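Everything below concerns the one structure shown next.
Quick note: numbers below take in every heavy atom, side chains included, and nothing from hydrogens, waters or symmetry partners. This one's a predicted model, so the numbers in the text were calculated from it and none came from an experiment.
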Amino acid sequence: MSPLRSVLLVGEGNFSFSASLCQSLRGSDTIVIATCLQQEDEALRHEGSATNIQIIREAGGTVLFDIDCTKLGECMSLKGHLFDLVIFNFPHCGRKSGVKKNRELLKNFFHSCVRVLSEDGEIHVSLCNGQGGTPADQPKREWHNSWQVAAMAAEAQLILSDIRPFESEKYQSYKCTGYRSQDKGFHVEKALVHVFTHSLPYAPPQRLTVEETVEGEKVQYQMPAELSDYMFREFLKSGSTHPVKLVQDFVLKGLAESWCVSMITETIPFLLSGKQVQKCCKIDRTQCYLIQLLQRDIDYESHSAADKNKCTILQSNSWTEKNEGTAVSSENARNKGAEVLKPVRSLDVDPEIESEFYVLRPSLIPPLEDLIARHKALSTDCETKSESSETLVNVKETPSVGTNGTMCSMWGISDLVFKNMPINTWALPVFHELLFNAVLPSEPDPLTMLCEHLEKLLGPYGVSLTTEQDEFCLMAQPMGLVGKILAIKEGESHSFINLCISLNLDLLAVLLFALPDWRLLWSHDPRFYKQFSLQPSPGTPFCPFSLFPEHFRFDISFWTGPSWDERKFYSVVREASCGTVQQVKLIDTFSHPDLSQTSYCYRLVYHSHTHALSHTQALLFHKRLETVLSTWLHVTVR
C-alpha cells in the first residue's frame with residue numbers, strides 16, 4: 001500500500017484506538033477521521049472517551065458521531081472523501097447476536113466501504129481468534145460457525161490479501177470495549193487483522209476476428225472466445241519479466257552449458273493446415289481446436305513478406321453483444337485490404353479423409369520442422385539469394401561449447417499452443433511450449449547426456465524422468481506431465497539420432513515459483529507482475545495476493561440429442577464462467593429408451609486465485625451457463 005494519506009475508523013467505542021493511532025501519526029500529513037454509530041451524548045458515556053476525543057482533535061483528526069458503517073456512501077460528512085485505509089476493529093452487532101447477523105454486518109459493511117475506498121486502498125478488519133473462518137485461526141472453527149469474513153468480502157469484489165496478528169501493544173492507550181454493547185473488552189489474545197483490497201473486475205470473453213497467413217494464403221477466422229484472453233499477451237518478448245519468460249531463460253542458460261541453442265524468433269501463424277496436421281504423427285487430433293474459416297485469399301503471392309507475417313485483429317466483440325459470432329462484413333473486409341477474399345464452405349469435416357481444414361496449432365513441431373528445412377535450403381543457396389530473399393528465418397544465436405569440447409547444435413522455438421482439453425485442475429487449454437530439435441551423432445550417446453542434464457537442471461524442483469515406450473516423460477507433482485523427449489534413430493546403421501524435446505513452460509513456471517494455480521500466469525493484476533519485476537531466481541516462492549479463496553460446487557443436468565460433443569460443452573463452460581471453473585466432472589448419465597435422448601449431469605467447481613469470487617457471483621456464472629447451453633448447444637436444461 002502507498003503511504004497513508006487518509007484513514008477512516010468505523011465502529012469506534014471509546015475512541016482509544018483512534019487516539020493512539022493519531023499519536024503515532026503525529027507530525028505526518030495523514031488525515032484521520034474516527035467515527036462511531038452512537039450519538040455524541042451516548043458515546044461520551046464510555047470510560048475515557050472524552051479524553052480520547054480531545055487527543056484526536058488536538059492531533060488534527062476529526063470525530064464524527066451517528067455514522068452507520070453499512071451506509072458510508074450515503075454519509076454527507078464523508079462525501080468526496082476516498083480513504084487509503086479503513087479500519088474496523090472487532091465488529092459486532094451488539095448484545096447476543098449470532099454468527100449469521102454478524103456475517104450480514106460484515107457483508108453490508110464491505111459493500112458500503114468500497115464506495116469510499118481508494119483504488120489502492122486497504123480495509124483492515126480485526127476479529128477475535130476463530131471468528132474469521134480462515135486457516136489462520138488456531139484453533140479453526142467449523143465453517144458454518146464462523147463469520148466467513150473472506151466470503152463476505154468477496155460479495156463486494158474484495159479479496160483477502162493478508163492476515164497478521166493484532167498487535168494491541170503497539171497502541172499503548174488502546175482499551176478494547178463494546179463486548180455485547182457493554183464497557184467490556186473482547187478477547188484480543190491471538191486476534192487477527194484481515195487485510196482486504198480491491199479485486200479486478202471480470203472481463204467478458206471477446207469474439208476476435210483474426211487475419212493471418214497460412215502457407216502463403218491469407219485467411220480470416222474467429223478465435224474461440226474462451227481463448228481470447230490468452231492471445232497477444234507477449235509474455236516471451238525480449239525484456240519480459242513474466243515467470244514463463246524467466247523459466248525459458250533458465251532452461252536456455254542451463255542447456256547452453258552443453259549445447260549451442262539457436263532460437264528461432266520468426267513469427268509463426270496460430271493456424272495449422274490439414275496437410276501439416278496429417279504429416280505430423282505426434283499430434284493428437286482429438287485435442288485440436290477445429291477452425292471454421294470466414295474468408296480466404298487464394299491469390300496472395302504479390303504481398304510482401306512483412307505483410308505475410310502479420311497477424312491482425314480485424315474485429316473484437318464482447319460475447320454478450322447482440323450480434324455475437326457473426327463474421328466481418330464484406331465492406332469491412334474490403335476496408336482491411338482483403339479485396340480478393342472469397343467465402344469458404346463449412347469445414348465440419350473428418351480430418352482422416354479431408355485435408356482442407358485448419359486447427360489452432362496443438363504443437364510447434366510442424367512450424368519448427370518447416371522453418372528448419374527452409375533455413376537449411378536458404379543456407380545452401382545464401383551466396384546468390386541472401387540479399388533478394390524475403391523469407392529468411394530470424395535466429396538468435398546462443399553459442400556455447402559442449403562438455404566434450406565440440407559444438408552441439410540445437411534448434412529451438414517457443415510460442416503458444418492450444419489443446420481442447422477437459423476441464424480439470426492441471427489441464428491447460430493454452431500454454432507456452434518450448435520446443436527443441438537436434439539431429440546428432442549417435443555416439444557419444446546424446447540422449448543419455450540430455451536426460452541427465454535436464455534431471456540435473458529441473459530435478460531440484462521436483463521434476464523426475466520416466467520412460468513410456470519410445471518417449472521419455474518429465475513428470476512433477478501435482479501437475480503430472482511437464483515435458484517429453486522423443487528420440488528417433490536415423491541414417492545408415494542408425495548413425496544419427498533425432499532428438500525432439502518439448503517443455504510446458506507454464507507448468508514449469510507453476511512448479512519453479514510455487515504458484516497455487518496455472519491461471520495466475522494469465523492474471524492482469526499488477527500485484528502478480530510486481531513480484532517478478534526484479535527477476536527472482538527459480539525456487540523463489542510466489543506470495544498469493546488472494547488468500548483462501550472459496551470453492552463453490554454446482555451441478556447442471558440437461559437432455560441432449562443422439563449426438564453430443566463434450567468438447568463444445570467444455571468450451572461453453574470456459575466462456576460463460578470467465579475461466580472461473582476449475583474442474584468439471586461427469587457424475588451421471590441416463591439414456592431414454594424411447595426418445596433417443598441422453599441426460600448428462602456434471603458437477604462444476606468454481607474457484608479463482610485471480611479475482612474475488614463470491615457465492616453470488618459463482619451462482620450468476622452458473623445461471624448464465626444454463627442459458628447459453630440452451631441457446632448455443634440446443635440442450636434442454638433439467
Side-chain angles (χ1 to χ4, degrees), residues 11 17 86-111 113 122-170 174 176 178-180 184-197 199 425 477-478 514-517 520 527 541-554 580 582-583 603 605-619:
F17 186 89
V86 180
I87 299 175
F88 197 175
N89 286 324
F90 305 105
H92 200 275
C93 288
R95 303 193 183 279
K96 293 185 178 181
S97 53
V99 291
K100 289 185 178 180
K101 286 186 177 181
N102 286 306
R103 281 182 211 145
E104 193 69 18
L105 169 64
L106 285 175
K107 183 172 69 172
N108 293 335
F109 160 69
F110 287 126
H111 274 294
C113 192
E122 293 182 353
I123 302 172
H124 292 192
V125 177
S126 301
L127 295 174
C128 299
N129 183 40
Q131 288 178 339
T134 71
D137 290 308
Q138 295 297 330
K140 181 183 176 182
R141 292 186 189 177
E142 294 181 352
W143 173 245
H144 69 274
N145 194 34
S146 73
W147 292 17
Q148 302 173 10
V149 62
M152 296 303 101
E155 295 288 345
Q157 292 298 298
L158 295 166
I159 54 178
L160 177 61
S161 295
D162 193 14
I163 298 179
R164 60 188 68 148
F166 179 78
E167 300 174 320
S168 57
E169 64 276 5
K170 289 177 60 177
Y174 172 58
C176 183
Y179 176 70
R180 293 187 177 178
K184 190 176 180 181
F186 291 88
H187 297 288
V188 298
E189 292 183 8
K190 297 184 179 180
L192 298 172
V193 179
H194 302 77
V195 180
F196 298 92
T197 56
S199 168
T425 305
Q477 295 299 326
L515 298 177
D517 193 319
L520 270 165
R527 288 169 288 192
F542 172 74
C543 296
F545 56 85
S546 178
L547 301 178
F548 315 125
E550 291 299 318
H551 293 75
F552 301 98
R553 293 170 175 82
F554 299 114
T580 57
Q582 183 185 54
Q583 187 174 28
R603 178 157 297 159
V605 179
Y606 292 80
H607 186 229
S608 177
H609 282 276
T610 60
H611 293 77
L613 183 63
S614 65
H615 181 273
T616 301
Q617 181 65 69
L619 187 59

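You'll find the side chain of L613 reaches within 4.5 Å of the side chain of F552, heavy atoms only. F110 places none of its side-chain heavy atoms less than 4.5 Å from the side chain of V86. A 4.5 Å side-chain heavy-atom check between Y606 and L619 finds every atom pair outside the cut-off. Considering only heavy atoms from C-beta on, N145 comes within 4.5 Å of V99 through its side chain. Looking at V125 and P91, their side chains come closer than 4.5 Å, going by heavy atoms from C-beta outward.
Using modelled atom types, one side-chain atom of Q138 and one backbone atom of P135 make a donor-acceptor pair closer than 3.5 Å. Between the R603 side chain and the Q583 main chain, no donor and acceptor come within less than 3.5 Å of each other. Without hydrogens or angle criteria, H124 side chain to I87 main chain gives no donor-acceptor distance under 3.5 Å. Between the side chain of N102 and the main chain of C93, a donor-acceptor pair closer than 3.5 Å is present.
Between the CZ atom of F196 and the CG atom of L160 there is a distance of 4.5 Å, given to the nearest 0.5 Å. W147 contributes atom CH2, which lies 15.5 Å from atom NZ of K107 (distance to the nearest 0.5 angstrom). In this structure, CG in L158 is found 11.5 Å from CD in E122, a value given to the nearest 0.5 Å. Rounding to the nearest 0.5 Å places CZ of R103 at 6.5 Å from CE of M152. Atom CG of L515 is separated from atom SG of C543 by 11.0 Å, given to the nearest 0.5 angstrom. A distance of 3.5 Å separates OG1 in T134 from CD1 in I163, rounded to the nearest 0.5 Å.
Ring centroids of H611 and H609 are separated by 6.0 Å or more, keeping the two rings apart. Aromatic ring centres of F554 and H615: separated by under 6.0 Å.
The shortest heavy-atom contact between T610 and S199 is O-OG, 4.4 Å. Residues N129 and E189 share a closest heavy-atom pair of CB-O, 4.2 Å. Across all their heavy atoms, L192 and A136 have their closest contact at CD1-O, 3.7 Å. Residues H111 and E155 share a closest heavy-atom pair of CE1-O, 3.0 Å. For S608 against P549, the heavy-atom pair with the smallest separation is O-CB, 3.2 Å. Of all heavy-atom pairs spanning F166 and S126, the tightest one is CD1-OG, 3.4 Å.
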Exercise. How far apart are the C-alpha atoms of T197 and S161, what are their side-chain angles, what is the distance that settles it, and do they pass the side-chain hydrogen bond (donor to acceptor under 3.5 Å, both in side chains) test?
Worked result: CA-CA 6 Å; T197 56; S161 295; 2.6 Å; yes
For this session: Decide yes or no on side-chain contact (heavy atoms from CB on, under 4.5 Å) for V149 and L127, but give the supporting numbers first.
Result: CA-CA 9 Å; V149 62; L127 295 174; 3.9 Å; yes
Exercise. Please walk me through it: do E550 and Q148 pass side-chain contact (heavy atoms from CB on, under 4.5 Å)?
Worked result: CA-CA 10 Å; E550 291 299 318; Q148 302 173 10; over 6 Å; no
Exercise. For I159 and F545, what are the C-alpha separation, side-chain angles and deciding distance, and is it a side-chain contact (heavy atoms from CB on, under 4.5 Å)?
Worked result: CA-CA 8 Å; I159 54 178; F545 56 85; 3.7 Å; yes
For this session: Might you work through the side-chain hydrogen bond (donor to acceptor under 3.5 Å, both in side chains) test for S614 and T616, ending with a clear yes or no?
Result: CA-CA 5 Å; S614 65; T616 301; 4.5 Å; no
Exercise. When you look at T580 and H607, which way does the side-chain contact (heavy atoms from CB on, under 4.5 Å) test go after all the steps?
Worked result: CA-CA 6 Å; T580 57; H607 186 229; over 6 Å; no
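Taking a 6.0 Å sphere around CD of E142, one finds it holds 12 or fewer heavy atoms contributed by other residues, nucleotides or ligands.
Ionic pairing of E104 and K101 is not present here: no N-O contact between side-chain nitrogen and carboxylate oxygen is shorter than 4.0 angstrom.
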